2 protein chains.
Amino acid sequence: MAKSIKTEEMPALDKTDLAILRLLQQNARITIKEISEKVHLSSTPVHERIRRMEETGVIKQYVTLLNGAMLKKGLMVICYLTLRQHSKAAGDKFIKTIMQMDEVIECLTISGQFDFMLKVVAENMDAYYDFHVNRLGQIENVGNVQSVFVMGVIKQSHQLVF
Amino acid sequence: MAKSIKTEEMPALDKTDLAILRLLQQNARITIKEISEKVHLSSTPVHERIRRMEETGVIKQYVTLLNGAMLKKGLMVICYLTLRQHSKAAGDKFIKTIMQMDEVIECLTISGQFDFMLKVVAENMDAYYDFHVNRLGQIENVGNVQSVFVMGVIKQSHQLVF
DNA sequence: ACTGAAAGACACAGACT
DNA sequence: AGTCTGTGTCTTTCAGT
């Protein structure tokens, strides 16, 4: 008999797993040896636990965060928009287009008066204006668009395990 | 004699630096050896370039992205708020409080009708309600608060170098 | 599920071009 | 600014508890 359907397969993480995740969250390039010392285990079980968490999908990705201002990506804009029609096909087409846009580093579907929230990076205001008019504006089915400019980044954490 | 003051020290990144960043962005745990092979260099200059980019701050941090749904952090909320007074002291006090709140994984100062945009993670709606009333609501100087619920994450990229 | 040992791979520093 | 080479350290596998 089949097990009950779950949205996410839960691999039952223990305290050691969470301790390992806490360390990896803060520094993805930490060595397994250093983790082992901090969680008071030899490197073998730490290695195996990380491998398991990568496989089950608890660990999604190891990424490097870069300084936008030093890479000509100093402007960040939050961009809200509605679609004119909300059919599955229309939504999928919009999503497919957004996925290919490198400047769009985040896209969320949200509650409220707008359908989507985009986080867009650009070199400056001219570049953003170009994106707004010539790239967003070219997508069919896009209704209202509203831009909110980010004046400062106070906090940016990626820690889901405290 | 002192050098002229710059907001960001520009280390003049060349194509090789950008290629290295592109690889590190996608996988922070990639080995230097593997990078060297892909950029057609020996490991010594790659090692030195990475060290320099870490030091100058182009590389900010290596982080591990985890699956929120598997860690009882399935709910994401965008929370907008205004402060009642906008003095430097009042703002700093608010920021200090936000910094200590683990559930707040992002905080931006924004243009428009609100002062701040917060990204908050919670286990479920009850937990978020508790955060809203007992944690945010307890901070003095907070004026209007508006919550927008994230229904789906379409895209989440951290790539500033394409 | 863990330890400890051992082999292989890698990082890192030095000498040199 | 790069290659090559050596040494020490880390990863990864395996036998054993």
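Computed from a predicted structure; not experimentally measured. Side chains included, hydrogens not; waters and symmetry mates left out as well; all remaining heavy atoms used. Throughout, protein chains are lettered first and strands after them, A, B, ... in sequence-line order, and every chain is numbered starting at 1.
- Among residue pairs with one or both ends in residues 133-162 of chain A, those qualifying as ring-ring contact (aromatic ring centres under 6.0 Å, His included) are A:Tyr128-A:Phe149, A:His158-B:His158; sequence neighbours excluded.
- Using a cutoff of 4.0 Å between basic side-chain nitrogens and carboxylate oxygens, B:Glu48 and B:Arg51 are scored as salt-bridged.
- Taking 4.5 Å as the limit, some side-chain heavy atom of B:Val142 sits within range of a side-chain heavy atom of B:Phe94.
- Side-chain contact between A:Met99 and B:Ile154: present, with at least one pair of heavy atoms (C-beta onward) separated by less than 4.5 Å.
- B:Asn124 is linked by a side chain to side chain donor-acceptor pair (under 3.5 Å) to nothing, counting only residues two or more places apart in sequence or in another chain.
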One character per nucleotide, please: for nucleotides 2-13 of chain C, 5' to 3', B when the base has a protein heavy atom closer than 4.0 Å, S when only the sugar-phosphate does, - otherwise. SBB-----SSBB
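- Read 5' to 3', the first and last nucleotides of DNA chain D with an atom closer than 4.0 Å to a heavy atom of chain A are D:dC10 to D:dC14.
- With sequence neighbours left out, the side chain to side chain donor-acceptor pair (under 3.5 Å) criterion links B:Gln156 to no other residue.
- Listed by first and then second residue, the ring-ring contact (aromatic ring centres under 6.0 Å, His included) pairs involving residues 32-89 of chain B are B:Tyr80-B:Phe114 (not counting sequence neighbours).
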